[in-house]
Undergrad: 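Below you'll find the structure I mean.
Bear in mind the structure is a predicted one, so any value in this text is a computation, not a measurement. Labels below follow one simple rule: chain letters A, B, ... track the order of the sequence lines, proteins then strands, and each chain is numbered from 1. Just the heavy atoms: all of them, side chains too, but no hydrogens, waters or symmetry mates, feed the values below.
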2 protein chains.
Amino acid sequence: MPEQNNSNLHAMKVTCSNCTLRELCLPIGLNREELSQLDAVIRQSRRFRRGDYLFRSGEPFKSLFAIRTGFFKTCMSSQDGREQVTGFHMSGELLGMDGISANVHGCDAIALEDSEVCELPFSRMQCLSREIPSLQHHFYRLMSREIVRDQSIMLLLGNMKAEERLAAFLLNVSQRLATRGFAANDFILRMSREEIGSFLGLKLETVSRTLSKFQQQGWITVDHKHIQLVQPEALKALISGCTHAHQHA
Amino acid sequence: MPEQNNSNLHAMKVTCSNCTLRELCLPIGLNREELSQLDAVIRQSRRFRRGDYLFRSGEPFKSLFAIRTGFFKTCMSSQDGREQVTGFHMSGELLGMDGISANVHGCDAIALEDSEVCELPFSRMQCLSREIPSLQHHFYRLMSREIVRDQSIMLLLGNMKAEERLAAFLLNVSQRLATRGFAANDFILRMSREEIGSFLGLKLETVSRTLSKFQQQGWITVDHKHIQLVQPEALKALISGCTHAHQHA
DNA sequence: CAAGAAGCTTGACGTTGGTCAAAGCGGGGT
DNA sequence: ACCCCGCTTTGACCAACGTCAAGCTTCTTG
């Protein structure tokens, strides 16, 4: 193992350098020493296979998890079995922040493809962030961003029609892929129609029908999970008007 | 002004002692000196009249706001004027956390009755929380709780029918009032039918009709904004099943 | 105090999206 | 390579909720 001293910090830097243009999940504006402190806290990354649980609702909360590669969904289920997908999560995103409040995870996190995840023991991050102000601030920002994200989903679920929801969803996926350096207008969905529907507050048949409708309009092509945005402007036009007024584009 | 040295810290303690049983908005497990440090940071509380804006979407974010007395709504509006109420907020709750991520407020906060609010300059709170670990942890917990709250609203908007939403809403208001020492089953709503509808993803007519239906069932009485829960168990029965499976009672 | 505005209730009707059903397709596992 | 199961598509029908409208009550403001 000649690369043993290639600490996971370096691995993380490599991962994160894939996500330029975008604020990274953690290492931001830290000096050399601070980085090595952070490095000491991050546990070696773990691999997950499609379908694996990263954590489950009700489990004791100990750590946050940073996705290095892969794709996850988070979901809550109700007593009678209805499932609500609360988010889809890609590389560079941080999972588990809802567990801090009660020291218990509040949702399930499930890998939708084979993935790699860094574990960040929260109590140690908390100590470290006391010593490194920019880290503390970054944490606050990440949590705040999660709040903003959730609220924009509330707006989607509360105000938008099926077509608007689907258009917003496709554009959101597109934009996040683009941020990570992938093609914006040609991608593979990692989740099923049912999961999309659950996330958007629609039934899977409605998702399917709406995708077909978009295809008939010539706005997108649909080949099972392979989606191409042919006229993304058409989708944008559909949701212009129902997006947040003070979008600081 | 003989009470000048009655610092607003003391006023805050008085306010907060009204909310026993419940985690308070800020002073939690701090010693004497820490309290006085906190006191130095909290700006004198300000009064707001019904209809006043505490902050507006798009304004620069500088402070969080703790409600001492009164009642607020937060809402986002879309470009074509649709409004989504994202929450109703009572004494002891903290507003503005969505502004941290982009240094800009992401929603409007509007007083629904005459209210009194403490301003907490965020940068100073951040410094202070570095010195007082329990304060830092408390902040993380408050933000996490907001995330949990938003996600349970997503579950409501994504999965529940009109009757279930209304029942969940009434029980939520009831429980929060009880926490603050008010009657749980006899209260005045501070918001209009339209605002309730916006929050729940329903039209005001549906809210009105559903309240009437509950009244006909004998579960509640409705006299304009005056609500009495006659058979809260009936409402609970309605939403049992569609609430989060891992509710830690 | 009067008058207008805003909020609430209720009814009739329409539309969206949910439900149920059937059939096609595709991929993973043996 | 084959088979089976799960995912997807599509259609027909239906229910829940939205829309439109009218009339009423309660606040607000001059």
Side-chain angles (χ1 to χ4, degrees), chain A residues 49-52 73 80-85 110 112-114 156-170 188-217 220-227 238 242, chain B residues 49-52 73 80-85 110 112-114 156-170 188-217 220-227 238 242:
Chain A
R49 314 206 59 164
R50 186 165 194 270
D52 287 348
K73 71 170 174 179
D80 57 5
R82 306 183 221 182
E83 175 176 294
Q84 170 77 25
V85 173
I110 301 171
L112 293 181
E113 63 179 25
D114 295 358
L156 179 144
L157 292 173
N159 273 325
M160 291 165 63
K161 297 187 187 298
E163 291 193 6
E164 295 170 335
R165 294 182 198 195
L166 234 311
F169 171 74
L170 291 173
I188 307 292
L189 293 175
R190 308 286 37 153
M191 71 296 280
S192 70
R193 303 285 190 266
E194 185 166 23
E195 287 163 335
I196 297 172
S198 169
F199 180 59
L200 298 178
L202 301 170
K203 294 294 160 183
L204 68 98
E205 294 94 330
T206 305
V207 173
S208 179
R209 268 189 262 268
T210 308
L211 287 175
S212 300
K213 197 182 294 178
F214 285 173
Q215 186 168 31
Q216 280 166 26
Q217 307 271 1
I220 68 176
T221 66
V222 182
D223 177 27
H224 304 279
K225 309 219 156 175
H226 179 198
I227 303 284
L238 197 58
C242 58
Chain B
R49 315 207 57 167
R50 186 166 194 270
D52 287 349
K73 70 170 174 180
D80 57 6
R82 307 183 221 180
E83 175 177 293
Q84 170 77 26
V85 173
I110 302 170
L112 294 181
E113 64 179 23
D114 294 359
L156 180 144
L157 292 172
N159 275 322
M160 290 165 63
K161 296 187 187 302
E163 292 192 5
E164 295 169 335
R165 295 182 198 194
L166 232 311
F169 171 75
L170 292 173
I188 307 292
L189 293 175
R190 297 328 336 184
M191 72 296 280
S192 71
R193 301 286 190 266
E194 185 166 21
E195 288 162 334
I196 297 172
S198 170
F199 180 59
L200 298 178
L202 301 170
K203 294 292 159 184
L204 69 97
E205 294 93 331
T206 305
V207 173
S208 180
R209 269 188 261 268
T210 306
L211 287 175
S212 299
K213 196 181 296 178
F214 286 173
Q215 186 167 33
Q216 280 165 26
Q217 306 272 3
I220 67 176
T221 67
V222 182
D223 178 27
H224 304 280
K225 309 216 158 179
H226 179 197
I227 304 285
L238 198 58
C242 58

Undergrad: For the CE atom of A/Met191 and the CD1 atom of A/Ile196, what is their distance to the nearest 0.5 Å?
TA: 5.5 Å
Undergrad: Just verifying a value: how many Å separate A/Leu156 CG and A/Arg165 CZ, rounded to the nearest 0.5 Å?
TA: 6.0 Å
Undergrad: Atom CZ of A/Arg193 to atom C1' of C/dG24: distance rounded to whole Å?
TA: 14 Å
Undergrad: Measure the distance from CZ on A/Arg49 to C1' on C/dG28 and round it to the nearest whole Å.
TA: 13 Å
Undergrad: Using atom CG of B/Asn159 as one end and atom P of C/dG17 as the other, report the distance to the nearest whole Å.
TA: 17 Å
Undergrad: In whole angstrom, give the distance that lies between atom CG of A/Leu112 and atom P of D/dG6.
TA: 18 Å
Undergrad: Calculate the interatomic distance between B/Glu194 atom CD and C/dA6 atom C1'; express it in whole Å.
TA: 10 Å
Undergrad: Kindly compute the distance separating OG (A/Ser198) from CG (A/Leu204), expressed to the nearest 0.5 Å.
TA: 10.5 Å
Undergrad: Between the axis at one end of the helix from C/dC1-D/dG30 to C/dT30-D/dA1 and the axis at the other (five pairs apiece), what's the angle to 10 degrees?
TA: 60°
Undergrad: Rounded off to whole Å, could you give me the CG-to-P distance for the A/Leu211 and D/dC7 pair?
TA: 16 Å
Undergrad: Side chain to side chain contact (heavy atoms under 4.5 Å, CB included) between B/Ile227 and B/Val222: does it pass, once the steps are laid out?
TA: CA-CA 5 Å; B/Ile227 304 285; B/Val222 182; 4.1 Å; yes
Undergrad: Please state how far atom CG in A/Leu166 lies from atom P in D/dT8, giving the value in whole angstrom units.
TA: 13 Å
Undergrad: Among A/Thr206, A/Leu202, A/Leu238, A/Ile220, which residue meets the side chain to side chain contact (heavy atoms under 4.5 Å, CB included) test with A/Leu166?
TA: A/Leu202
Undergrad: Please walk me through it: do B/Asp52 and B/Ile110 pass side chain to side chain contact (heavy atoms under 4.5 Å, CB included)?
TA: CA-CA 6 Å; B/Asp52 287 349; B/Ile110 302 170; over 6 Å; no
Undergrad: In the 5'-to-3' direction, what one-character label does each nucleotide of nucleotides 10-18 of chain D receive under the scheme B = base within less than 4.0 Å of a protein heavy atom, S = sugar-phosphate only, - = no such atom?
TA: BBB----SS
Undergrad: Please say whether more than 12 non-hydrogen atoms of neighbouring residues, nucleotides or ligands are located less than 6.0 Å from CD in A/Glu194.
TA: no
Undergrad: For A/Arg50, does its backbone N or O pair with a side-chain atom of A/Asp114 as donor and acceptor, under 3.5 Å?
TA: yes
Undergrad: If the cut-off is 4.0 Å, is A/Lys225 near the phosphate of C/dG27, judged by side-chain N/O to OP1 or OP2?
TA: no
Undergrad: Answer yes when B/Arg82 and A/Glu164 have at least one side-chain N-carboxylate O distance shorter than 4.0 Å, and no when they do not.
TA: yes
Undergrad: Figure out the CE/C1' separation between A/Met191 and D/dT8, and round it to whole Å.
TA: 16 Å
